[in-house]
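Residues: numbered from 1 along the sequence shown.
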Amino acid sequence: MEIFKGIPQIKYEGANSTSELSFKYYDPEKIVLGKKMSEHLPFAMAWWHNLCATGVDMFGRGTADKSFGAKEGTMEHAKAKVDAGFEFMQKLGIKYFCFHDVDLVPEADDIKVTNARLDEISDYILQKMKGTDIKCLWGTANMFGNPRYMNGAGSTNSADVYAFAAAQVKKALDITVKLGGRGYVFWGGREGYETLLNTDMAFELENIAYLMKMAVEYGRSIGFKGDFYVEPKPKEPMKHQYDFDAATAIGFLKAHGLDKDFKLNIEANHATLAGHTFEHDLRVSAINGMLGSIDANQGDFLLGWDTDEFPYDVYTATKAMYEVLKAGGITGGFNFDAKTRRPSYTAEDMFKAYILGMDTFALGLIKAAELIEDGRIDKFVENKYSSFRTTDTGKSILARKTSLAELSAYAEKLGAPELPASGNQEGLESIFNQILFKA
């Protein structure tokens, strides 16, 4: 039975199309730098926002009907969401999905009942996957919504809650492997603290790391060959979160010997909440060899929380795709951890939102490739550091064959260095605009 009646198969019609239900820039077969656009951009549907979120906020109840013809809170509703999700992905040509455990089924008071429901729904999802090219990108466990996690999961002060979190991770890994997921994500929604007056930070960090180590050991034992991911996020809901940004998360992973199995899942809105740009956290991840997957969304700079808007900022998307291309791509995908605005409550709005996001990143990919092919920015950056390659002093520094004493003696003989060459920021931004807006 068709759920999204009146919504056609969404096709590429080009930049001059006036149809809101068409792609203007996302052409999956278009070749960009030797690869199909669909290979550069493995898009994924977020189960939680797209099939579960109704527009509830702290000031009002939901506006969108996500019942899909079934009574909410039942397994019939869980299966209706599967039906809706697969029809949605097929109409948009999306090849991947991501999920939390409690997105898939209603959580019961007894974990054994919840696990039985997860077995049932994952069987149903496997059936839906047959005959399609839709796959699971990654799974995760929701260890932040239930009141038991008020003090975190790995960082909790309760051994019983910690054990419950471990049980959720185990089952979520089972389901991820069952569905052929390429990754598994840890998002520490409440792994943090409000005040140090009641917190043993070292104790909590060690416990979080141990939970992750157990997950790696168990995952590998059941045949999971993909990457584990940490998704950095500052603030909200905790005042101080342990996975504040990419650099903090990388430092934590390396300090606890987890960097061989873990990469990062970078979200645009989380990076900006940390006071960085999206491209900054992508670059930090890439230079550490830990750029894994991407949650494609954006925030509102006038608001200080995680608004999870669908991306429409082509400037940001271009800079992000420039980082991805320069890094050689990602091992994960582009998951739209984004939700329609509360007044955008219709089924048609769901499709328009994904079209917007997919077109934004497709245009960003096209323009990032043009920046690379143009070469002027790369050439400037290369020349900026040329003194390290063209002078004897620079060569000795690069070769790591000098000392403070030798460099001090050279500086004294030099007297005073000339000013470095211009940073040319305005000129490079002009090049960026030229590439972005040229016909």
Side-chain angles (χ1 to χ4, degrees), residues 46 48 98-103 138-159 161-173 176 183-196 198-216 219 227-259 261-271 273-274 276 281 284-285 290 292-295 297 305-306 308 332 335 337:
W48 53 101
C98 303
F99 69 89
H100 298 85
D101 48 1
V102 299
D103 303 330
W138 53 252
T140 187
N142 181 323
M143 299 186 295
F144 51 87
N146 193 292
R148 72 174 68 92
Y149 295 123
M150 65 177 69
N151 292 321
S155 62
T156 184
N157 58 312
S158 165
V161 171
Y162 190 93
F164 202 97
Q168 271 193 257
V169 171
K170 177 183 179 295
K171 191 61 179 180
L173 269 167
T176 300
Y184 184 86
V185 172
F186 276 88
W187 177 59
R190 296 190 188 274
E191 308 290 48
Y193 65 90
E194 299 294 339
T195 174
L196 284 174
N198 63 10
T199 301
D200 185 336
M201 185 190 291
F203 180 88
E204 293 188 359
L205 288 169
E206 288 289 342
N207 269 2
I208 293 168
Y210 183 52
L211 181 61
M212 291 179 174
K213 289 175 182 178
M214 288 191 290
V216 171
D227 289 320
F228 288 88
Y229 300 124
V230 168
E231 182 173 326
K233 183 185 180 183
K235 311 180 258 187
E236 188 214 331
M238 307 298 279
K239 188 188 298 183
H240 300 281
Q241 290 192 198
Y242 293 133
D243 50 2
F244 181 83
D245 62 2
T248 306
I250 290 168
F252 168 83
L253 293 171
K254 289 187 174 182
H256 294 279
L258 291 160
D259 50 305
D261 291 284
F262 276 82
K263 288 183 169 62
L264 299 190
N265 183 59
I266 298 298
E267 178 176 315
N269 202 170
H270 292 177
L273 283 175
H276 304 309
D281 266 14
V284 169
S285 303
M290 298 180 73
S293 201
I294 288 173
D295 273 11
N297 63 15
W305 64 83
D306 194 5
D308 284 338
N335 167 49
D337 186 4

Review point. Does Phe144 offer a backbone N or O that forms a donor-acceptor pair with the side chain of Arg190 under 3.5 Å?
Key: yes
Exercise for review: Determine yes or no for a side-chain-to-main-chain donor-acceptor pair under 3.5 angstrom, with Tyr149 supplying the side chain and Asn142 the backbone.
Suggested key: no
Check your understanding: Has the side chain of Glu191 got a donor or acceptor atom that lies under 3.5 Å from a matching backbone atom of Ala153?
Key -> yes
Exercise for review: Enter the distance from Met143:CE to Phe164:CZ here, rounded to the nearest 0.5 Å.
Suggested key: 11.5 Å
Practice item. Could you tell me whether a side-chain N or O of His270 sits under 3.5 Å from a main-chain N or O of Pro232, the two making a donor and an acceptor? Key: yes
Review point. Nearest heavy-atom pair of Val161 and Gly152: which atoms, and what distance?
Key: CG1-O, 4.1 Å
Revision key, fill the gap. On a heavy-atom basis, the closest approach of Phe228 and Gly219 is CZ-CA, 4.4 Å
Exercise for review: Answer yes if the side chains of Asn297 and Asp308 hold a donor-acceptor pair under 3.5 Å, and no otherwise.
Suggested key: yes
**Study point:** Gap between atom NE2 of His240 and atom CD of Glu194 - 0.5 Å precision
**Key:** 8.0 Å
Check your understanding: For the residue pair Ser285 and Leu264, what are the closest heavy atoms and their distance?
Key -> OG-CD1, 3.4 Å
Practice item. Let me see the working for Phe262 and His256 under side chain to side chain contact (heavy atoms under 4.5 Å, CB included), right down to the final yes or no. Key: CA-CA 11 Å; Phe262 276 82; His256 294 279; over 6 Å; no
Practice item. Compare all side-chain heavy atoms of Val230 with those of Phe252 and state whether any distance is below 4.5 angstrom. Key: no
Exercise for review: Mark yes or no for whether Asp243, through its side chain, and Ala249, through its backbone, hold a donor-acceptor pair below 3.5 Å.
Suggested key: no
**Study point:** Polar side-chain atom of Thr199 near backbone of Met201 as donor-acceptor pair, under 3.5 Å
**Key:** no
Check your understanding: Out of curiosity, Asn157 CG to Phe203 CZ, how far, rounded to the nearest 0.5 Å?
Key -> 9.0 Å
Exercise for review: For Asn265 and Asp295, run side chain to side chain contact (heavy atoms under 4.5 Å, CB included): C-alpha distance rounded to whole Å, both residues' side-chain angles, the deciding distance at 0.1 Å, then the answer.
Suggested key: CA-CA 7 Å; Asn265 183 59; Asp295 273 11; 3.2 Å; yes
Practice item. Under the side-chain hydrogen bond (donor to acceptor under 3.5 Å, both in side chains) rule, what do Glu204 and Tyr242 come out as? Steps first, then yes or no, please. Key: CA-CA 9 Å; Glu204 293 188 359; Tyr242 293 133; 2.6 Å; yes
Review point. What's the spacing between Leu273 CG and Gln241 CD if we round to 0.5 Å?
Key: 10.0 Å
**Study point:** Heavy-atom closest contact (Glu231 atom, Trp187 atom, distance)
**Key:** O-CD1, 3.3 Å
**Study point:** Listed partners of Lys233 passing salt bridge (Lys or Arg N to Asp or Glu O under 4.0 Å), at least two apart
**Key:** Glu236, Asp306
Review point. Val169 and Tyr184: which non-hydrogen atoms are nearest, and at how many Å?
Key: CA-OH, 3.8 Å
Review point. Do Asp227 side-chain atoms and Tyr229 backbone N/O form a donor-acceptor pair below 3.5 Å?
Key: no
Point to revise | Approximate separation, where rounding is to 0.5 Å, of Trp48 CH2 and Asp337 CG | key: 5.0 Å
Practice item. Tell me, with the steps shown, if Trp138 and Asn335 meet side chain to side chain contact (heavy atoms under 4.5 Å, CB included). Key: CA-CA 9 Å; Trp138 53 252; Asn335 167 49; 3.6 Å; yes
Review point. Roughly how far, to the nearest 0.5 Å, is the CG atom of Leu173 from the OG1 atom of Thr140?
Key: 9.0 Å
Review point. What are the two closest heavy atoms between Leu253 and Met290, and how far apart are they?
Key: CD1-CE, 3.4 Å
